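No experiment lies behind these values; they were computed from the predicted model shown. For the single chain, residues carry numbers from 1 onward in sequence order.
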Amino acid sequence: MTDPDDFLTRLSAALPAPALREVAPYYLAEPRGRWQGRALAVVAPGSAEEAAIAVRLASEASVPVIPYGGGTGLVGGQLAEGGAAPLLISLERMTRIREVYPEENVMIVEAGAILSDVHDAAEKVQRLFPLSIAAKGSARIGGLLATNAGGVNVLRYGNARDLCLGLEAVMPSGDIWHGLKRLRKDNTGYDLRNLLIGSEGTLGLITAATLKLAPRPAGEGTALMVVDGPGAALRLLSMARDHMGEGVSAFELMHREGLNFLAETMPQVRQPWPEPPEWFVLIDVGLARGLDPAGALEALFEAALDEGLVSDGMIAQSGAQRSEFWNIRETIPEANRHIGAICSHDVSLPLGAVAQFVAAAPGALARIGQFRINCFGHLGDGNLHYNVFPMPGGNRADHAGQREAITACVHDLVHAMDGSVSAEHGIGRLKVADLERYGDPAKLSAMRAIKAALDPKGIMNPGAVLRAE
């Protein structure tokens with residue numbers, strides 16, 4: 001690395017004043033408060049060309065580069081505590097909706113566009129951008145693509161990867177890849193788009209994206225249904241898809257502990273039942289014109305009741321009630337933060353193994369200690385958020401010495417069932433050792449070779465995904 005002062009002088013001379021930012025504390029924090037980042041400087045480019053200048057200068061000076069979106073990542077990919085102080089490149093000024101093609105169901109946006117703003121832009125042309133997560137008001141498109149974010153609608157529409165047709169990106173050399181194509185078919189060699197999506201900023205800096213839109217469903221409906229457990233929930237999902245096909249947009253599994261945490265920490269959130277059931281699901285459907293979502297959900301409930309899959313339920317009768325139902329699901333993570341998890345796990349399993357895992361994990365954890373477990377997630381795609389908490393009156397700090405053993409216990413069980421220890425949050429810096437422990441050796445070797453080929457100086461987000469050399 002060259003002299004930092006010389007690098008900063010060259011950076012200041014090459015970029016316009018609006019692109020230069022103070023290293024404010026919020027750039028160096030992350031939602032769970034596990035790490036405190038550091039930065040040599042912060043640049044907020046206003047264009048891909050300005051971003052390319054910053055990356056090129058960093059490459060010449062061998063300064064690490066960390067891409068920064070909305071700062072909502074949960075695995076530490078957006079900051080680094082150790083090593084040489086990096087250049088942090090924030091996409092906060094690149095927020096434009098560049099083009100919208102409603103007849104093609106396509107939108108081209110800059111990487112700093114906030115997810116909720118993309119939703120609004122799609123709604124203005126009677127379209128839907130289906131990706132939705134709790135942090136939609138602050139998460140930015142570049143970060144969502146860099147982590148291949150999932151969310152509640154993966155069951156119907158897929159992950160971020162499935163919702164992207166093309167990218168514009170700055171490569172580690174400072175060259176700009178102009179890949180903002182609107183094509184659904186393009187078999188012209190290696191798929192650089194899919195290589196960058198999910199790479200967490202380690203192979204390049206995404207500056208814009210061509211996104212897939214979808215027609216807005218003519219009718220939408222939401223229901224809460226009580227089930228005996230994950231096994232019954234999966235059979236209910238199968239029945240729902242038999243009834244409504246691809247009209248099932250989301251299928252969320254929740255446990256009583258989530259409602260208990262809401263009652264304890266956020267009593268203003270309206271509870272659906274006087275006595276929380278042990279397990280229940282939220283089903284969201286979007287149907288074509290001429291079909292009645294409430295009627296379809298009622299028919300599903302009656303059929304499931306006859307089969308013994310459900311014991312109680314309620315169907316939203318208005319938009320306000322739909323929002324209430326979804327508010328329960330979306331505030332459970334916030335209640336978790338108020339309680340304070342010892343450790344949280346973002347895992348995925350084959351659908352047929354979900355019930356087995358949920359049944360086996362508490363007993364395995366009991367050999368370490370006594371804990372409360374809040375298990376919830378996107379059952380339709382096998383993604384569970386398996387979070388472990390102290391018993392009432394306890395504090396997560398009391399269990400700091402058990403954190404690694406708890407995570408190893410959960411991840412070993414997931415791996416044994418052919419699952420993944422990172423379903424939708426990514427690897428970041430938190431799970432580098434997990435990737436080394438559970439990852440396929442041939443895949444890891446290929447990943448390291450790709451990293452070395454595209455980023456020979458190792459400047460792009462070093463230490464994220466792959467251990468820094």
Side-chain angles (χ1 to χ4, degrees), residues 1 4-5 7-9 11-12 15-46 50-51 54-55 57-58 61 63-95 110-117 133-144 146-147 149 200-202 205-207 265 333-334 336-341 343-344 395-397 400 425-432 459-465 468:
M1 179 174 167
D5 290 335
F7 169 70
L8 293 175
T9 299
L11 194 68
S12 299
L15 292 172
L20 305 172
R21 291 285 192 268
E22 292 185 9
V23 184
Y26 60 84
Y27 289 122
L28 309 178
E30 54 87 32
R32 290 178 176 169
R34 293 184 176 182
W35 300 284
Q36 181 63 40
R38 53 205 296 263
L40 179 62
V42 175
V43 166
E50 290 181 7
V55 173
L57 290 173
V63 172
V65 173
I66 295 184
Y68 186 88
T72 61
L74 298 175
V75 290
Q78 71 272 42
L79 51 80
E81 288 185 308
L87 171 65
L88 191 151
I89 301 183
S90 169
L91 279 301
E92 64 195 76
R93 292 178 62 228
M94 296 186 65
T95 61
E110 293 183 336
I114 291 173
L115 179 56
S116 60
D117 292 338
I133 62 173
K136 61 188 175 184
S138 53
R140 299 181 187 271
I141 290 297
L144 293 166
T147 56
E200 302 186 44
T202 62
L205 171 68
I206 295 171
T207 53
T265 66
E334 187 176 348
N336 283 349
R337 285 192 288 274
H338 288 310
I339 295 292
C343 47
S344 304
N395 188 290
R396 65 180 176 181
H425 292 166
I427 296 296
R429 291 172 174 80
L430 176 65
K431 295 186 178 182
V432 170
I459 66 165
M460 295 302 300
N461 214 1
V465 184

Tell me, do [X] and [Y] make a side-chain contact under 4.5 Å, heavy atoms counted?
X	Y	result
I141	L91	no
L74	P31	yes
L205	V65	no
F7	L87	yes
I427	V432	yes
P67	I206	no

Side chain of [X], backbone of [Y]: donor and acceptor closer than 3.5 Å?
X	Y	result
R429	G76	yes
R140	T95	no
Q78	G71	yes
N461	E200	yes

Test log, rule side-chain contact (heavy atoms from CB on, under 4.5 Å), inputs I133 and L115: CA-CA 9 Å; I133 62 173; L115 179 56; 4.0 Å; yes
Quick one: pull up [atom1] in [X] and [atom2] in [Y] and give me the separation to the nearest 0.5 Å.
X	Y	atom1	atom2	result
I114	K136	CD1	NZ	13.0 Å
E334	T265	CD	OG1	7.5 Å
R38	L28	CZ	CG	10.0 Å

E50/R93 under salt bridge (charged side-chain N to carboxylate O under 4.0 Å, His left out): CA gap, chis, key distance, verdict: CA-CA 11 Å; E50 290 181 7; R93 292 178 62 228; 3.6 Å; yes
How close do [X] and [Y] get, counting heavy atoms only, and between which atoms?
X	Y	answer
L11	A41	CD2-CB, 4.4 Å
Y68	Y26	OH-O, 3.2 Å
I66	G77	CG2-O, 4.1 Å
A135	T72	CB-CG2, 4.0 Å
A85	V63	O-CG1, 4.2 Å
V43	P45	O-CD, 3.4 Å

